[in-house]
Protein chains: 2
Amino acid sequence: MENLKDRVTIYEVAKASGVSLATVSRVINNQGNVTEKTREKVQETIKKLGYKPSGLAQALATSKSTTIGVVIPSANYVYISCVLNGIAEVCKEKGYNLQLFSTSHSREDAIRVLEKVITSHVDGAIIFDDELDEEDVSQLNSYYVPTIVINNRVEGERVGCIVFGYEHNLRKIVADKLAKDSEKTPTFIHVHNCGRLLARTEKSFIEVCKQANREYAIFNCDDSSSRTYDDFMEYFKTHKQGYFVAYRDSIAGAIVNAATDSGLRVPEDVEVLSLIGTKYANITRPTLTSMNIDMVDVGRRAMYMLTDLAKNELEKKTYRIESVYVKRDSTKE
Amino acid sequence: MENLKDRVTIYEVAKASGVSLATVSRVINNQGNVTEKTREKVQETIKKLGYKPSGLAQALATSKSTTIGVVIPSANYVYISCVLNGIAEVCKEKGYNLQLFSTSHSREDAIRVLEKVITSHVDGAIIFDDELDEEDVSQLNSYYVPTIVINNRVEGERVGCIVFGYEHNLRKIVADKLAKDSEKTPTFIHVHNCGRLLARTEKSFIEVCKQANREYAIFNCDDSSSRTYDDFMEYFKTHKQGYFVAYRDSIAGAIVNAATDSGLRVPEDVEVLSLIGTKYANITRPTLTSMNIDMVDVGRRAMYMLTDLAKNELEKKTYRIESVYVKRDSTKE
DNA sequence: TTGTAAGCGTTATCAG
DNA sequence: CTGATAACGCTTACAA
């Protein structure tokens, strides 16, 4: 693919309007020191020739790419695209370009992606990927790329992070539940390879159960709502109750549907709590009790933090967002 | 933000390993004509110095950015992020970077975004945005940017497109329905400012109704499932039946839920057809009859077409994807 | 096999 | 206010 050729360059604009490169440059950058007359003349030929400056050359010359890199897992989850949307919104607002890097569920790949981020010469990066740990991020950092990490506590000179407050909240909710209900088996839905947040919440869940001296179960399932549905249709043939904690709305929704479709009552027989709530929590019937974090806002905030960080004006390098428990109809309370 | 400075350059690598720039360049580009010995020596200092080539400078020197630009509306719809995911997947596979541009529901803004795409010097672009028409795209084209347009029939030398086959299918389905059912009022859900696809399907819908000599209704609603739900809770106080055609799953789901929550039976009293089906069609109860197009595949295909186009090897410049009617439980048949 | 030097399209620093 | 000219970091003939 060669499309940079045959384009009008600043040089041609200069020649065509009978001025020097420097003058044209001044015009396109709206700098002073240009007569109104020459400015007009130059602008006219710019329009006539259809000249557009090369962002590449500008970036090289100024050492600023005005581009930020965003690293997200390739998984197609609603909450991820919400974060991306928030980032994109602020990028646009602030005049940054956004380069998107996606990782594929392996640390190896994630590190390769990080290398790409480095060679891409972005002015900053936002990383929302569980595979990468502090060491990897500090690598980026050593190339002077200001970085905001989402959902991972990371420290460093040019690093800030946004961490989610799920565990504390979850602990409380599950403990309350166990205290009130001694019937239902507390069950955590373990989705294979689903990252740190899941691991942390799972750990919290187990601890709470142990503290309450209660039997609990871990249910392994695929990261797919339709397969989860099938699994639970099978499961509910032999199990007639349960208190389930699921990672995302689609998984939680699959369980709720499987329960209902198996003739069980939600929330009387089966209760389901969804960890990462999205707007789909309201679409299922019954609606899903979930723990909400406004992911679009997370994206926005990350971007704001990044620009502050780049200006060395970020005071609070760690920003914690608490999840909000939203009681809906898939649980008793 | 200045992060390009202070980085190790090819020049320093050359000096540190006692060779010339050219040799280092050959090494990092895996070109032949380098002794194994010097290659090793260079690679060693590269590692030692932590040198990473500047993509910017490479792009400028080679006139290839190995980046493609993707233009999508900022709306946070599942089907849009599916397309993006498909594109990202193939980008990665082919070694392209992906620059993301989002537009904000106005042609004016979309055109501004297109200018950005041009200055960004991408090697190709994929446009999935209803606001832009053929003229705008040809603008891009005149800058030698190979372009694939999704959901819009566009022609041009370096342009290809993917069009969705909805209307034909929809016509047939609605006509069948009207023939069999003379009770329910056919109603099209009009979402304000929702683009060409909606407009086209709405037109088809109206034509079919007129041909069948049937009264029909257009229901205006916001592009929000929760507000649509509220609107329909109100609506179903006075209307007790209807055959609704909705744009997306969340809108359709809102109607189904409002109907059920109002004591109406779906599909006996109220039937709902969703136009752009996603995986959420299976999550609602009853499930949503919808017209499916695999949007991830659309993204992949767009990217494949783009790389072919760039090599001038794209034969079929227009690729048509037919929607697949999936009968689920929100309609009788 | 290796090095020299001329670009790539800008910006930025000086003189004038 | 304007114009040379040297960067920016890399690739690539062309020479050696």
Side-chain angles (χ1 to χ4, degrees), chain A residues 1-42 46 49-67 118-123 143-144, chain B residues 1-42 46 49-67 118-123 143-144:
Chain A
M1 298 197 188
E2 316 187 8
N3 69 295
L4 284 74
K5 295 183 174 171
D6 304 320
R7 285 216 189 177
V8 179
T9 71
I10 195 174
Y11 194 80
E12 301 170 54
V13 174
K15 202 158 64 180
S17 37
V19 297
S20 73
L21 295 187
T23 306
V24 179
S25 178
R26 281 176 200 119
V27 171
I28 61 183
N29 290 303
N30 278 317
Q31 283 171 317
N33 297 335
V34 184
T35 330
E36 192 48 42
K37 206 170 136 192
T38 36
R39 153 164 275 115
E40 274 174 21
K41 189 172 59 182
V42 171
I46 285 181
L49 268 49
Y51 165 74
K52 303 261 187 248
S54 158
L56 247 37
Q58 286 177 318
L60 190 62
T62 56
S63 297
K64 288 182 197 186
S65 62
T66 51
T67 296
I118 295 170
T119 62
S120 288
H121 268 306
V122 293
D123 284 344
Y143 286 90
Y144 302 93
Chain B
M1 298 198 189
E2 316 189 7
N3 69 295
L4 285 72
K5 295 184 174 169
D6 303 321
R7 286 215 187 179
V8 179
T9 71
I10 195 173
Y11 194 81
E12 300 170 53
V13 174
K15 201 157 66 180
S17 37
V19 296
S20 73
L21 295 188
T23 306
V24 179
S25 176
R26 282 175 200 122
V27 171
I28 61 182
N29 290 304
N30 278 317
Q31 283 171 315
N33 298 336
V34 184
T35 330
E36 192 48 41
K37 207 170 135 192
T38 36
R39 153 163 276 115
E40 275 174 19
K41 190 172 59 182
V42 171
I46 285 180
L49 268 49
Y51 166 74
K52 303 261 188 246
S54 158
L56 246 38
Q58 287 179 316
L60 191 59
T62 56
S63 296
K64 287 181 199 191
S65 62
T66 52
T67 296
I118 294 171
T119 63
S120 288
H121 268 307
V122 293
D123 284 344
Y143 287 89
Y144 302 92

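Here is how names work: the chains are called A, B, and so on, in the same order as the sequence lines, proteins then strands, and each is numbered from 1. Since the model is a prediction, treat every value here as computed from it, not as a measurement.
- If you check D/dT12, D/dT2, C/dT11 against the side chain of A/T35, the one that comes closest is D/dT2.
- Atom-to-atom distance recorded for B/R7:CZ and A/I118:CD1 is 7.0 Å, nearest 0.5 angstrom.
- Between B/A57 and B/V34, the residue anchored nearer the 5' end of DNA chain C, judged by the nucleotide with its closest heavy atom, is B/V34.
- Checked options B/V19, B/T35, B/T23; the residue passing with B/K41 is B/V19 (criterion: side chain to side chain contact (heavy atoms under 4.5 Å, CB included)).
- Spacing between atom CD1 of B/I28 and atom P of D/dT11 amounts to 4 Å, rounded to whole angstrom units.
- Considering only side-chain atoms of B/S54, the nucleotide from D/dG9, D/dT5, D/dT11 that sits closest is D/dG9.
- Rounded to whole Å, atom P of D/dT2 lies 12 Å from atom CD of A/E40.
- Atom CD1 of A/I10 and atom P of D/dG3 are 12 Å apart (whole Å).
- Each of B/A61 and B/R26 was assigned the nucleotide of DNA chain C with the nearest heavy atom; the assignment lying further toward the 5' end belongs to B/R26.
- Here the OG1 atom belonging to A/T38 is positioned 10.5 Å from the CG atom belonging to A/N33, to the nearest 0.5 angstrom.
- A donor atom on one side chain and an acceptor atom on the other are not found under 3.5 Å apart for B/S65 and B/H121.
- The shortest distance between the side-chain N/O atoms of B/T38 and the OP1/OP2 oxygens of C/dT2 is below 4.0 Å.
- Regarding contacts with the backbone of C/dG9, every side-chain N or O of A/T9 stays at 4.0 angstrom or more from both OP1 and OP2.
- The phosphate of D/dA7 (OP1 or OP2) has no side-chain N or O of B/Y11 nearer than 4.0 angstrom.
- With rounding to the nearest 0.5 angstrom, the CG atom of A/L21 is 10.5 Å from the CZ atom of A/R26.
- Within 4.0 Å (heavy atoms only), A/K52 reaches sugar-phosphate atoms of the nucleic acid but no base atom.
- Within 4.0 Å (heavy atoms only), A/V19 reaches sugar-phosphate atoms of the nucleic acid but no base atom.
- With rounding to the nearest 0.5 angstrom, the CG atom of B/N29 is 9.0 Å from the OG1 atom of B/T62.
- Here A/N33 does not reach the OP1 or OP2 of D/dT2: none of its side-chain N or O atoms lies under 4.0 Å away.
- The shortest distance between the side-chain N/O atoms of B/S25 and the OP1/OP2 oxygens of D/dT11 is below 4.0 Å.
- Following rounding to the nearest Å, A/E12 (CD) and C/dT10 (C1') show an atom-to-atom distance of 14 Å.
- In this structure, CZ of B/R39 is placed 10 Å from P of C/dT1, rounded to the nearest angstrom.
- Separating the CG atom of B/L60 from the P atom of D/dA7 is a distance of 17 Å, rounded to the nearest angstrom.
- Counting to the nearest Å, the P atom of D/dC10 and the CG atom of B/L21 are 9 Å from each other.
- The nucleotide whose nearest atom lies closest to any side-chain atom of B/P53 is, among D/dC10, C/dG9, C/dT4, D/dC10.
- If you measure from atom NZ of A/K41 to atom C1' of D/dG3, you get 13 Å, rounded to the nearest angstrom.
- B/T23 has a side-chain polar atom (N or O) that falls below the 4.0 Å cut-off from OP1 or OP2 of C/dG3.
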